Amino acid sequence: MNSLQPELSSILTARRLDADYGTTRAVRDVTIDFYDRKITAIIGPSGCGKSTLIRCCNRMHEEIPGATVTGAVALAGRDIFLLDPVLLRRQVGMVFQRPNPFPSMSIARNVAAGVVLSGTGGADLDEVVEVSLKQAALWEEVKDKLRKPATDLSGGQQQRLCIARALAVKPQVLLLDEPCS
């Protein structure tokens with residue numbers, strides 16, 4: 001390696017990962033490293049296990065009745081299966097394939113929801129909302145509508161709102177399942 005290039009370090013790793021839905025194997029023997037501050041794209045045909053793989057990485061797969069996972073997944077060297085799933089999901093955020101804004105909340109409250117629920121004290125919520133919406137390329141479209149219901153947004157805007165909500169809590173890793181669908 002060139003001495004001018006910093007060595008890449010893995011933030012999230014999966015080793016010999018298998019994931020099943022009952023008797024159906026969806027992910028078979030996957031070993032992968034996700035590097036800190038790098039984008040990794042998982043590409044493959046429909047039904048090949050891409051969504052299942054990323055759901056395993058923040059323990060959402062195990063929420064499905066009859067679903068199982070074997071192998072190892074580590075976040076910054078720590079076995080994720082030994083961590084409290086709620087605490088893990090603060091560090092490994094996820095944006096799902098279909099947008100899921102909280103229907104009874106405004107745009108601003110949707111973005112701030114994770115910060116409020118996690119008890120991140122001292123956060124200037126107005127600033128968190130603005131910065132997160134800018135990072136998700138939505139601020140200019142909604143800055144005058146922050147008190148409007150999130151469900152008034154188009155599908156693409158709702159997806160970017162969910163990205164902003166995930167970014168607001170500053171996770172170590174952000175998993176995006178077809179964020180441009």
Side-chain angles (χ1 to χ4, degrees), residues 8-22 24-44 48-102 105 109-123 125 128-129 131-133 135-136 150 158-181:
L8 294 177
S9 62
S10 297
I11 186 69
L12 186 67
T13 61
R15 298 287 179 263
R16 308 228 36 188
L17 187 72
D18 292 331
D20 301 328
Y21 295 96
T24 303
R25 173 119 326 145
V27 172
R28 180 183 312 278
D29 197 30
V30 171
T31 293
I32 189 169
D33 290 290
F34 298 94
Y35 296 99
D36 193 28
R37 304 197 184 287
K38 298 292 179 190
I39 295 170
T40 302
I42 301 171
I43 301 169
C48 74
K50 301 177 301 290
S51 295
T52 301
L53 172 63
I54 66 171
R55 282 198 306 268
C56 290
C57 290
N58 82 339
R59 298 188 57 188
M60 290 300 293
H61 180 69
E62 66 193 55
E63 299 295 327
I64 299 166
T68 59
V69 178
T70 58
V73 180
L75 174 66
R78 295 176 16 231
D79 182 344
I80 70 165
F81 300 110
L82 299 177
L83 301 174
D84 178 298
V86 174
L87 297 176
L88 171 69
R89 291 179 194 132
R90 287 182 190 164
Q91 297 171 340
V92 181
M94 179 143 178
V95 177
F96 297 94
Q97 190 172 2
R98 289 189 185 87
N100 57 350
F102 301 133
M105 292 185 181
R109 287 191 61 214
N110 257 273
V111 174
V115 175
V116 171
L117 289 173
S118 68
T120 308
L125 291 181
V128 167
V129 168
V131 167
S132 300
L133 287 169
Q135 289 175 327
Q158 287 183 17
Q159 188 70 331
R160 286 182 282 150
L161 174 74
C162 294
I163 292 169
R165 184 175 63 209
L167 290 170
V169 296
K170 298 183 174 139
Q172 287 181 275
V173 175
L174 183 57
L175 305 170
L176 305 168
D177 190 0
E178 296 193 34
C180 299
S181 63

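Predicted model, so just to flag it, every value in this text is computed and none were measured.
- With a 4.5 Å cut-off on side-chain heavy atoms, V173 and M94 do not count as touching.
- Under the rule for a side chain to side chain contact (heavy atoms under 4.5 Å, CB included), the partners of A14 that lie at least two apart in sequence or sit in another chain are L17, I32, V73.
- Around CZ of R25, the count of heavy atoms belonging to other residues, nucleotides or ligands within 6.0 Å exceeds 12.
- At least one donor-acceptor pair under 3.5 Å links the side chain of R89 to the backbone N or O of R59.
- Of all non-hydrogen atoms in L175 and I54, the two that sit nearest each other are CD1-O, 3.2 Å.
- For R160, the CZ atom sits in a packed shell: over 12 heavy atoms of surrounding residues, nucleotides or ligands are nearer than 6.0 Å.
- A donor atom on one side chain and an acceptor atom on the other are found under 3.5 Å apart for D177 and S51.
- Rounded to the nearest 0.5 Å, atoms CG (N58) and CG (L174) are 10.0 Å apart.
- A pairwise comparison of heavy atoms in C162 and P101 identifies SG-N, 3.8 Å as the closest pair.
- We find the CG-CD distance between L75 and Q91 to be 5.5 Å, quoted to the nearest 0.5 Å.
- Side-chain contact between R165 and N100 is present, with heavy atoms from C-beta onward closer than 4.5 Å.
- Using a 4.5 Å heavy-atom threshold, the side chains of L133 and L161 count as touching.
- Put simply, OG1 on T40 and CD1 on I11 are 12.0 Å apart, with the number rounded to the nearest 0.5 Å.
- The number of heavy atoms from other shown groups lying within 6.0 Å of CZ (R16) does not exceed 12.
- Taking each heavy atom of T52 and A19 in turn, the nearest pair found is CG2-CB, 3.7 Å.
- The number of heavy atoms from other shown groups lying within 6.0 Å of CG (L82) is above 12.
- Looking at Q159, its side chain does come within 3.5 Å of a backbone N or O of F96 through a donor-acceptor pair.
- Contact check on R28 versus D20 returns no salt bridge, with no Lys/Arg side-chain nitrogen under 4.0 Å from an Asp/Glu carboxylate oxygen.
- Minimum interatomic distance between T13 and S10 (heavy atoms only, all atoms of both residues): CG2-CB, 3.6 Å.
- The structure places CG of N110 at 9.0 Å from CD of Q158, a figure rounded to the nearest 0.5 Å.
- Under the ring pair (Phe, Tyr, Trp, His ring centres under 6.0 Å) criterion, the residue pairs touching residues 56-92 are Y21-H61, with sequence neighbours excluded.
- In this structure, V27 and C56 have side chains that are not in contact, with every pair of non-hydrogen atoms separated by 4.5 Å or more.
- Side-chain contact between D18 and D29: present, with at least one pair of heavy atoms (C-beta onward) separated by less than 4.5 Å.
- Heavy-atom minimum distance, V128 versus A168: CG1-CB, 3.7 Å.
- In this structure, the separation between CZ on R55 and CD on E62 is 12.0 Å, given to the nearest 0.5 Å.
- To the nearest 0.5 angstrom, I42 atom CD1 is 4.0 Å from F34 atom CZ.
- C57 and V92 get closest at one heavy-atom pair: O-CG1, 3.7 Å.
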